[in-house]
There are 2 protein chains.
Amino acid sequence: MRSMNKKYVHGYDPRENIRLQDQASTLVELLHSDTSYPAGSQVLEAGCGTGAQTITLARNSPDAHITSIDISESSVAVAKKRIEGAGFTNVSFQQGDIFNLPFEPVTFDHIFVCFVLEHLAQPLEALNSLKNLLKVGGTITVIEGDHGSTYFYPDNDAAHRAIQCQIELQKRTGGNANIGRELYPLLSAADFSSINVSPRMVYVDASKPQLVEGFTKNTFTAMIEGLRESSIEAGLIDEKTFDEGIKGLYRTTGPDGVFCYTFFKATAIKQ
Amino acid sequence: MRSMNKKYVHGYDPRENIRLQDQASTLVELLHSDTSYPAGSQVLEAGCGTGAQTITLARNSPDAHITSIDISESSVAVAKKRIEGAGFTNVSFQQGDIFNLPFEPVTFDHIFVCFVLEHLAQPLEALNSLKNLLKVGGTITVIEGDHGSTYFYPDNDAAHRAIQCQIELQKRTGGNANIGRELYPLLSAADFSSINVSPRMVYVDASKPQLVEGFTKNTFTAMIEGLRESSIEAGLIDEKTFDEGIKGLYRTTGPDGVFCYTFFKATAIKQ
């Protein structure tokens, strides 16, 4: 919950933070608006994918230099096009494997990792690898979701079972959809110091129509719904239960519905 | 998330709020420090029990007049002794049934209800009954927990099953241990306006030893542990699984453990 700009040494700005916590109307605000890096700093974005977060990083830290890497050459190409298309000139792109990056040790002032560890079979090793690239006193920021943090009203057992399919499918590919709650122990095991974990709960009721549409429906439920075939093929659930579960998730977007999900944002320092 | 003092009309104070959200070292701070009522206002605390919350209410609103009621005469006596023993003179006590209170309609400026609705088979009727006592423009503040919001690291199935016993036992007495997530729809159904629900997540890792002891161990786990006999007698779980579950909950208080629980605080206005 610390911003990475000058204010860092003085702690975070509560006005900024409360805006996030209680009035964030978008996920971008909730997760990213308190991350900005000082002018001239060298920032590594490890695992940029197609640049979904890169664009916010570039916007929030206009005078930092961001190096964004991803293991997928095609994703890097999409990200590059996206960022350059938006007119940003403060990002360099490069293909690279997080476990074997083409940089000298102790190269970066700050490292940013968002929605990456959840996909790795060895998240601790990834953190150790990244730590080698960080200067002493430099920070790492890690953001991850936690699907096990999901609950809603009206409660619905089939909906929980459909979500559980996502968790199980991700586990089968070596990932961990519940890694958010684990950031403190992971950063601790990687021997980072001043670890600060800040849960970012997305609380959605009918008074927040933008989040009902943007998060509950079009982000979370759409994601689960997209795993219908693979969940059924994997024998994790039957069609009827899955469809009931999706119906249950949409039911939480009604005028009396509530949906809760928590992301975890951690910052820590290399000592 | 609005304080009930003068600042109310201008919204809440972000500095106060962030202090709650990120630095609260006690539950009292997290739940109550943004509730204070203006001088001269008439406040009803509905369901004061033995005065656990009354003392904080009295301290935070020294110049308001608080009327604290509970259905249990003996609880009221304990609460009265506790508050008077602490030297507060701004609270009156009275035995009374929330569904049939001995007050004229439209008597109170503000109503405060904490950890009460979870025990009632008819929470909506309780809110309607309380609303009758409130002046137009007056506020209601409702705080409830949600046991279904509990998750932790390391995850442990037996621990979830032990928690589920508590939820089931409470359901059998007509209550609802997962009512926190339901505050928005309940207040909405009772036709309150300007409903604002603010989740208060208790996030505990080893960097917060006071919460490890005070919340994870001595509040939450102790509560679940206390239901060992009744859970086993009710046939909800076997001894071995229950004990494993308790061990799993204590395991989350280790140096690499994490524990998450969310309370919900709602404020609303009678129009």
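Below, chains carry the letters A, B, ... as their sequence lines are ordered, and counting in each starts from 1. Since we're looking at a predicted model, the values are computed, not measured.
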Could you measure the distance from the CE atom of A/M201 to the OG atom of B/S149? Nearest 0.5 Å is fine. 7.5 Å
How long is the gap from CD on A/E182 to OH on B/Y153, to the nearest 0.5 Å? 3.5 Å
Within a strict 4.5 Å, meaning less than it, do heavy atoms of the B/Y151 and A/T262 side chains meet? yes
With side chains defined as the heavy atoms from C-beta onward, is the minimum distance between A/S188 and B/D256 less than 4.5 Å?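 No, every pair of side-chain atoms sits at 4.5 Å or beyond.
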For A/R181 and B/V258 the tightest heavy-atom approach is O-CG2, 3.3 Å
How are the rings of B/Y203 and A/F264 set to each other: parallel, tilted or perpendicular (split at 30° and 60°)? tilted
What part of A/P154 gets within 4.5 angstrom of chain B, counting heavy atoms only: side chain, backbone, both, or neither?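 It is neither, since no heavy atom gets under 4.5 Å.
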Considering only heavy atoms, which portion of B/A189 lies under 4.5 Å from any heavy atom of chain A: side chain, backbone, both, or neither? neither
